[in-house]
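Have a look at this one.
Ligands are counted one by one from 1 in listed order, and the atoms in each one are counted from 1 as well.
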Amino acid sequence: MEHPSNTLVMKFGGASVATPEHFARIADVIIDRMRDFNRIAIVVSAMANTTDQLIDLAKKVNPDPPRREYDMLVTVGERISIALLAMALSLKKCEAVSFTGSQSGIITCGKHSEARIIEVKPHRILPVLDAGKLAIVAGFQGVSKGGEITTLGRGGSDTSAVALGIALKAQRVEFYKDVPGIFDEDPKRKNNANMFDELSFDEALNIVHKGAKILHPRSIELAKKNGMILHVRSFNEVEESKRNGTIIKGNREKAEGFHYEDI
Ligand code: ASP
Ligand code: MG
C-alpha cells in the first residue's frame, strides 16, 4: 500500500456529542481540520449516557443478558452518533459516510463484551478517503471472524481510534475532550492544575493508571506498540490556532508492521 500522506484520525467522546446541538459544533471542528489534512477519518462514541441507559434497559429485561445480545444492543449507541454526525456534516455541505465497526473492518476475537482487536481491514474506508470524503466510524465495536458483532469493553472507542489510525497510517490520532488537555490534577476540581504540553507513552500510562479518565489505557498501550502519536485537545475551540492540548509520543518512529492487541 502507498503511504497515504496527510491522514488524520479524530476521535470524539461521549461528552462531545452530548446533545443534538453538539453535532453542529464538532462538525465545525472537523471542517476546520480539513485545512491541514486531506484524509480524515472520525471515530465517535455514543452520546453522553446512552451506553449506560442501554445497559440499564437490558438489565430490566434480563438481569444477566446473553453476551451476544448485549453487544447487539449496546452497539446501537455509537450507531446513533455516526449517523447524526454525518447528517450534521451534510447540512454544512460536507460529504461524509458513516460506518459501523463491522463495516469498517475492525476484526476482533469472539469474546463478546470484552473483545480484543486482531486486525483492521479498512477496505470500505479507503475508497471514501480517496474520493475526498470524510469517513465516520462507530467506536467501541467490531466483528469477529465468524461475523458476530462484538464490543471492546467500556471506554473501548479510544482503542478503536488508535487501531484505525494504525491501519490508515495516520500521522496522529486526536482525541477531542471537554478539557483542553491532560493536567497534573483534575482541572474540573482544581483551577490551578497545570496542563502538560507533552508526555511519553509511559508517563501517560502512569497518569491513567492512577485513575484519570482521560484515555483508555489499552489505547495508549496500542499507540506505544505502534509508535502512533496521540494528541488530547478540546472540542470547545473550533479554530486550530486557539487549541494546544497534550501530545503523547515516544522516541521511536513508527514501528515496522502492525501490532494489534494481545488477546
Ligand atoms: N460508549 C462506550 C462506553 O460508554 C464506549 C466509549 O465511550 O468509548 O463505554
Ligand atoms: Mg461512552
Linking I/L/V/M/F/W/Y whenever their side-chain heavy atoms sit closer than 4.5 Å, directly or via other members, would Leu230 and Val137 fall into one cluster?
yes

For ligand 1, which atoms have a heavy atom of Arg154 less than 4.0 angstrom away?
3 (C), 4 (O), 9 (O)

Below 4.0 Å from any atom of ligand 1, is there a heavy atom belonging to Gly156?
yes

Is there at least one pair of N or O atoms, one from Lys11 and one from ligand 1, spaced under 3.5 Å apart?
no

Would you mind reporting whether Arg218 and Leu152 have side-chain heavy atoms less than 4.5 Å apart?
yes

Kindly confirm or rule out an N or O of Asp158 lying under 3.5 angstrom from an N or O of ligand 1.
no

Within reach of ligand 1, part of Ser45 (heavy-atom separation under 4.0 Å)
side chain

So for His216, does at least one of its heavy atoms come nearer than 4.0 angstrom to any atom of ligand 1?
no

Would you sort out whether Leu134 and Met34 count as a side-chain contact (heavy atoms from CB on, under 4.5 Å), showing the intermediate values?
CA-CA 9 Å; Leu134 299 165; Met34 291 168 74; 4.2 Å; yes

Using a 4.5 Å cut-off between side-chain heavy atoms of Ile, Leu, Val, Met, Phe, Trp and Tyr, which other residues end up in the same hydrophobic cluster as Val143?
Ile107

Has ligand 1 got any nitrogen or oxygen that is less than 3.5 angstrom from a nitrogen or oxygen of Gly155?
yes

Under 3.5 Å, side chain of Lys225 to main-chain N/O of Tyr260, donor-acceptor pair present?
yes

Taking the six-membered ring of Tyr70 as reference, does the cationic atom of Arg67 (NZ for Lys, CZ for Arg) lie under 6.0 Å from its centre and within 45° of its axis?
yes

